[in-house]
Amino acid sequence: PETPTDIPELGVSVLMTSDPEKLRFHSNYTQISLNGDSIKGRVYLRPRRAGDKIRVRNMNRTVKNLMQEAAIEAEKRKRLPCFCDDLGIIWIPGLPLRDISRGKGTYLVFLEKEDIK
């Protein structure tokens, strides 16, 4: 069954599901719906790295600039995982989804102890 995976180092949990009913188990979460067919290889999490980029709104943007524009506090930026596949970053909670993954059908869920924004 699909159950959240705890990431104790960050004090968060994550879940990938295609069942919207699974989204009702926690009151404080951030989720994004995406086209599951756009995922190449396996989905994994990693911390943000210097120079990370993601394609959003038809532009290659640095994650650092997107986080600054979204007014995500520096301390919170360290705790946000990058959801990635073989093509690179799919999504970081609080930021837009990468262009080629926009759509419906699969949910990436980031369970957090406090709001990102």
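Throughout, residue positions are numbered sequentially from 1 according to the sequence presented.
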Which distance, rounded to the nearest 0.5 Å, do you find between the SG of Cys84 and the CD1 of Ile92?
7.5 Å

Nearest heavy-atom neighbours spanning Pro93 and Leu80:
O-CD1, 3.5 Å

Heavy-atom side-chain proximity of Leu66 to Ile54 below 4.5 angstrom:
yes

Salt-bridge test for Asp85 and Arg98: reply yes if a basic N is under 4.0 Å from a carboxylate O, no otherwise.
yes

Would you check, one step at a time, whether the test side chain to side chain contact (heavy atoms under 4.5 Å, CB included) holds for Glu69 with Arg61?
CA-CA 11 Å; Glu69 290 171 12; Arg61 303 286 312 276; 2.3 Å; yes

Using a strict cut-off of less than 4.0 Å between a Lys/Arg side-chain nitrogen and an Asp/Glu carboxylate oxygen, indicate whether Arg46 and Asp52 qualify as a salt bridge.
yes

Linking I/L/V/M/F/W/Y whenever any side-chain heavy atoms sit under 4.5 Å apart, do Val14 and Tyr44 land together?
no

Hey, does the side chain of Arg102 reach the backbone of Leu34 with a donor-acceptor pair shorter than 3.5 angstrom?
no

Ignoring hydrogens, what is the shortest heavy-atom contact between Ser38 and Ser101? Give both atom names and the distance.
OG-OG, 2.9 Å

hydrophobic_cluster_shared for Trp91 and Leu87, side chain cutoff 4.5 Å
no

When you compare the side chain of Val56 with that of Leu97, does any pair of heavy atoms fall below 4.5 Å?
no

Is there a side chain to side chain contact (heavy atoms under 4.5 Å, CB included) between Val63 and Ile89? Walk through the geometry before answering.
CA-CA 10 Å; Val63 169; Ile89 297 172; 3.9 Å; yes

Kindly compute the distance separating CD1 (Ile72) from NZ (Lys64), expressed to the nearest 0.5 Å.
14.0 Å

If I take atom CD from residue Glu73 and atom CD from residue Gln68, how far apart are they, to the nearest 0.5 angstrom?
13.5 Å

Rounded at 0.5 Å granularity, tell me how far NZ in Lys76 sits from CE in Met67.
12.0 Å

Whether Arg55 side chain and Asn58 backbone form a donor-acceptor pair below 3.5 Å
yes

Just verifying a value: how many Å separate Ile39 CD1 and Asp86 CG, rounded to the nearest 0.5 Å?
11.0 Å

Side chain to side chain contact (heavy atoms under 4.5 Å, CB included) between Ile90 and Ile32: does it pass, once the steps are laid out?
CA-CA 10 Å; Ile90 300 168; Ile32 196 116; over 6 Å; no

Where is the tightest heavy-atom contact between Ala70 and Gly94, given as atom of each residue plus distance?
CB-O, 4.0 Å

